[in-house]
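The analysis underlying the following values was restricted to heavy atoms, covering all of them including side chains, and did not include hydrogens, waters or symmetry mates. Start at 1 with the first residue, then count along the sequence.
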Amino acid sequence: GDSAAKNYAKSNGFAYIDLDNITDSGECGDDLIWTLTKDGTLTISGTGAMWDYGDDSAPWRNLEFKKLVLGKGITHIGSHAFGGCADTGVITIPEGVTTIGEYAFISCLQVGGFTLPSTLKSVGENAFAYCGIFGARNYTINIPANLENIGVDAFGGSLISKVTVDAGNKHFKVVGNGLYNTEMTRLLVSVGYPQSFSIPDSVIDVDPGAFVNGRVESLHVGAKVSAPLTIPYSLTQITVSDENPNFYASDNVLFLSEDN
């Protein structure tokens with residue numbers, strides 16, 4: 001059976017690592033270490049903030065790992081930390097994490113989703129962009145109550161089947177097949193693979209990746225949507241509100257108005 005140490009770790013939310021199975025390891029924060037084990041599991045353990053990385057500079061970038069385990073005690077997920085992660089399951093970001101850096105999980109193509117902690121306050125731009133594209137169409141996201149800031153395209157380009165927003169969150173909401181800020185002036189991403197989508201008249205800003213990798217064939221552009229607007233490659237029909245001063249459509253082609 002499991003050792004007392006392993007049972008303690010499991011029951012208290014800490015990562016447990018068998019030292020005999022470690023194939024590589026190093027530091028990834030002032031009080032954090034990373035370990036890669038023989039079964040292809042990358043584990044981050046310790047306390048405090050992870051270091052931020054540049055593109056392709058995380059120490060495990062060129063190592064093959066199939067599963068990611070983030071231990072209790074982490075407070076910040078580093079920028080560019082886990083881009084391209086091959087984990088096909090749901091990645092749990094532990095309680096205690098308050099910030100997630102930009103591009104932290106970009107292009108985790110087969111991931112089944114992310115569980116975000118109630119302590120999370122800020123998500124950087126492109127943090128979860130282009131995720132779940134080649135997965136089993138079960139990619140889900142929860143928006144916890146304390147999440148105040150979601151950077152541009154944090155979920156852009158992803159094939160998201162479902163987003164839920166905690167009832168206590170005062171900053172974001174899901175309406176129909178879209179995730180918006182509560183004022184309904186920003187559309188963050190489309191959800192649930194809709195074939196048609198109408199951008200509400202209140203929306204001014206649309207994140208560039210809101211429709212990328214979606215399945216939208218028919219799009220209506222609301223009265224206040226401003227440039228730039230990235231339209232989905234799957235589009236076959238587009239209409240624009242007569243009250244929109246920034247765009248007009250003709251024969252299913254979108255044009256900028258003369259003033260723009």
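Atoms CG and OG1, from Leu254 and Thr239 in turn, are 10.0 Å apart once rounded to the nearest 0.5 Å. Taken from CD1 in Ile204 to CG in Leu187, the straight-line distance is 12.5 Å, to the nearest 0.5 Å. Note that NZ of Lys162 is 8.0 Å distant from OG1 of Thr140, once rounded to the nearest 0.5 Å. Note that the CD atom of Glu148 and the NZ atom of Lys121 stand 6.5 Å from one another [nearest 0.5 Å]. With values rounded to the nearest 0.5 angstrom, Glu125 atom CD is found 13.5 Å from Ile150 atom CD1.
When each of Asn126, Val111, Ile77 is paired with Phe105, the side chain to side chain contact (heavy atoms under 4.5 Å, CB included) condition holds for Ile77 and for no other. Remark: of the listed residues Val216, Thr230, Val189, Ile231, Val216 is the sole one forming a side chain to side chain contact (heavy atoms under 4.5 Å, CB included) with Phe211. Of the listed residues (Phe155, Tyr103, Phe82), just one forms a ring-ring contact (aromatic ring centres under 6.0 Å, His included) with Phe128, and that residue is Phe155.
Although no hydrogens or angles enter the test, the distance criterion places no donor-acceptor pair under 3.5 Å between the side chain of Asp166 and the main chain of Ile143. Side-chain N or O atoms of Asn142 include none that pairs as donor or acceptor with a backbone N or O of Thr164 at under 3.5 Å. Side chain of Ser218 to main chain of Ser196: no donor-acceptor pair is present (N/O by atom type, distance under 3.5 Å, no hydrogens or angles). Although no hydrogens or angles enter the test, the distance criterion places no donor-acceptor pair under 3.5 Å between the side chain of Asp31 and the main chain of Gly46. Asn146 places no side-chain N or O within 3.5 Å of a backbone atom of Leu120 that could act as its donor or acceptor partner. Judged purely by atom type and a 3.5 angstrom limit, Asp55 has no side-chain atom pairing as donor or acceptor with the backbone of His80. Checking side-chain atoms of Glu64 against main-chain N and O of Gly40 turns up no donor-acceptor pair under 3.5 Å. Judged purely by atom type and a 3.5 angstrom limit, Asp153 has no side-chain atom pairing as donor or acceptor with the backbone of Ala129. Side chain of Thr98 to backbone of Thr119: no donor-acceptor contact under 3.5 angstrom is found. Side-chain atoms of Thr75 do not come within 3.5 Å of backbone N or O of Gly96 as any donor-acceptor pair.
Between Ser118 and Glu95, the shortest heavy-atom distance links the atoms OG-OE1, 2.7 Å. Nearest heavy atoms, Thr99 versus Val97: O-CG1, 3.6 Å. Smallest separation of non-hydrogen atoms from Ser226 and Phe247: C-CE1, 3.7 Å. Across all non-hydrogen atoms, the minimal contact from Ala104 to Ile100 is CB-CG2, 3.7 Å. Nearest approach of Pro144 to Asn169, heavy atoms of both residues: O-ND2, 2.7 Å.
Side-chain contact between Ser241 and His220 is present, with heavy atoms from C-beta onward closer than 4.5 Å. Counting heavy atoms from C-beta on, the side chains of Thr37 and Thr43 never come closer than 4.5 Å. Considering only heavy atoms from C-beta on, Leu32 stays 4.5 Å or farther from Trp51 through its side chain.
With hydrophobic clusters built from ILVMFWY side chains whose heavy atoms lie under 4.5 angstrom apart, Leu235 does not share a cluster with Phe255. Hydrophobic clustering, with ILVMFWY side chains joined whenever heavy atoms are under 4.5 angstrom apart, keeps Leu70 apart from Val90. No continuous path of hydrophobic side-chain contacts links Val253 to Leu256 [ILVMFWY only; heavy atoms under 4.5 Å]. Tyr248 and Val221 are not part of a single hydrophobic cluster, where members link through side-chain heavy atoms under 4.5 Å apart. Using a 4.5 Å cut-off between side-chain heavy atoms of Ile, Leu, Val, Met, Phe, Trp and Tyr, with links allowed through other members, Ile199 and Val152 fall into different hydrophobic clusters.
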Using the rule given for side-chain contact (heavy atoms from CB on, under 4.5 Å), can you reason through Val191 versus Val174, listing the C-alpha separation, both sets of side-chain angles and the distance that settles it, and then say yes or no? CA-CA 9 Å; Val191 179; Val174 173; 5.8 Å; no
Checking Ile91 against Cys85 for the side-chain contact (heavy atoms from CB on, under 4.5 Å) test, could you report, in this order, the C-alpha distance in whole Å, the side-chain angles of both residues, the deciding distance, and whether it holds? CA-CA 10 Å; Ile91 295 175; Cys85 170; 4.1 Å; yes
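A salt bridge links Arg61 with Asp56: the distance from a Lys NZ or Arg NE/NH1/NH2 to an Asp or Glu carboxylate oxygen falls below 4.0 Å.
Within the structure, every pair that satisfies the side-chain hydrogen bond (donor to acceptor under 3.5 Å, both in side chains) test and touches residues 175-185, not counting sequence neighbours, is listed here: Asn181-Glu183, Asn181-Thr185.
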